[in-house]
Amino acid sequence: MILSALRDWSMRNSPVVLYLILLGLIACKPKGKSEVAEILGIEEPKDWILVIHPEGCKTCLESLYDDLASLTSNADAAIVILAKSSKNLRMIPLIQDSPLPLYLDEYKVLIEKGVLELQDQILLFKDGSVEKFDILNYEKVFHSIASYK
């Protein structure tokens, strides 16, 4: 009797369960550069978007900014920096003369929309995939960018 009732319950609720599973899978889809561009209201670059959440080692961040400022890339790409205030960033050479389009997310919309998490430091969005990097190992970003071509 219990087995029969359980079978009837599972038959009636199986569409609901399948719908919930499908909804869960859709919610877990990886965030891509298209979504980043759409959220920030910028034109989507063909190659990649580098998002920097400037938390952690300040010396490493300064080195990253210097290396990005001297980047000689023919890529159709963009750099996004999550910033508390653009006033703090004005002294950085990258802000003054960026080799790629540079955007500031002063309101941390990417975190609010769930594209980034608070602990994320550097993310490289390209072709529907996301690579995460730690600020202490920022050099790996350049290896990944170079291998993209």
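- Between Lys126 atom NZ and Ile145 atom CD1 the span is 8.0 Å, to the nearest 0.5 Å.
- Ile122 approaches Asp134 most closely through the heavy-atom pair CD1-O, 4.3 Å.
- Taken from CG in Asp120 to CD1 in Ile111, the straight-line distance is 8.0 Å, to the nearest 0.5 Å.
- Looking at heavy atoms from C-beta onward, Val115 lies in side-chain contact with Phe125 at the 4.5 angstrom threshold.
- Checking side-chain atoms of Asp47 against main-chain N and O of Asp76 turns up a donor-acceptor pair under 3.5 Å.
- Here Glu44 pairs with Lys33, Ser34, Ala37 under the side-chain contact (heavy atoms from CB on, under 4.5 Å) rule; sequence neighbours left out.
- Here the CG-CG distance, from Leu110 to Leu116, works out to 5.5 Å after rounding to the nearest 0.5 Å.
- Counting non-hydrogen atoms of neighbouring residues, nucleotides and ligands closer than 6.0 angstrom, the NZ atom of Lys58 exceeds 12 such neighbours.
- Heavy-atom neighbours of Glu38 CD from other residues, nucleotides or ligands within 6.0 Å: at or below the threshold of 12.
- Without hydrogens or angle criteria, Asp97 side chain to Ala69 main chain gives no donor-acceptor distance under 3.5 Å.
- By the 6.0 Å contact criterion, CZ on Phe142 is enclosed, its count of non-hydrogen atoms from other residues, nucleotides or ligands being greater than 12.
- Nearest heavy-atom pair, Ala77 versus Pro45, reported as atom, atom and distance to 0.1 Å: CA-CB, 3.6 Å.
- With hydrogens and angles ignored, the 3.5 Å screen pairs no side-chain donor or acceptor of Ser144 with any backbone N or O of Val141.
- Note that the CD1 atom of Ile39 and the CD atom of Glu112 stand 9.5 Å from one another [nearest 0.5 Å].
- When atom types are taken as modelled, the side chain of His53 and the backbone of Leu82 share no donor-acceptor pair closer than 3.5 angstrom.
- Closest approach of Glu139 and Leu136 over heavy atoms only: OE1-O, 4.1 Å.
- Summarising the local packing, CD of Gln119 is surrounded by more than 12 heavy atoms from other residues, nucleotides or ligands at distances under 6.0 Å.
- With hydrogens and angles disregarded, no donor-acceptor distance shorter than 3.5 Å links the side chain of Asp67 to the backbone of Leu64.
- Taken from CG in Leu102 to CD1 in Ile95, the straight-line distance is 4.5 Å, to the nearest 0.5 Å.
- When all heavy atoms are compared, the tightest approach of Ser98 to Ile79 is OG-CD1, 4.2 Å.
- In terms of modelled atom types and a separation under 3.5 Å, the side chain of Glu131 and the main chain of Leu124 share no donor-acceptor contact.
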* Hey, mind stepping through Ile52 and Tyr65 against side chain to side chain contact (heavy atoms under 4.5 Å, CB included) and telling me if it holds? -> CA-CA 10 Å; Ile52 303 167; Tyr65 294 149; 4.1 Å; yes

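- Checked by atom type and distance alone, the side chain of Asn137 never pairs as donor or acceptor with a backbone atom of Lys140 at under 3.5 Å.
- Separation of atoms CG (Leu94) and CG (Leu71) is listed at 9.5 Å; rounding is to 0.5 Å.
- Two residues are said to be in side-chain contact when any heavy atoms from C-beta on lie closer than 4.5 Å; Asp127 and Trp48 fail this criterion.
- Between Val80 and Leu50 the shortest side-chain heavy-atom distance does not fall below 4.5 Å.
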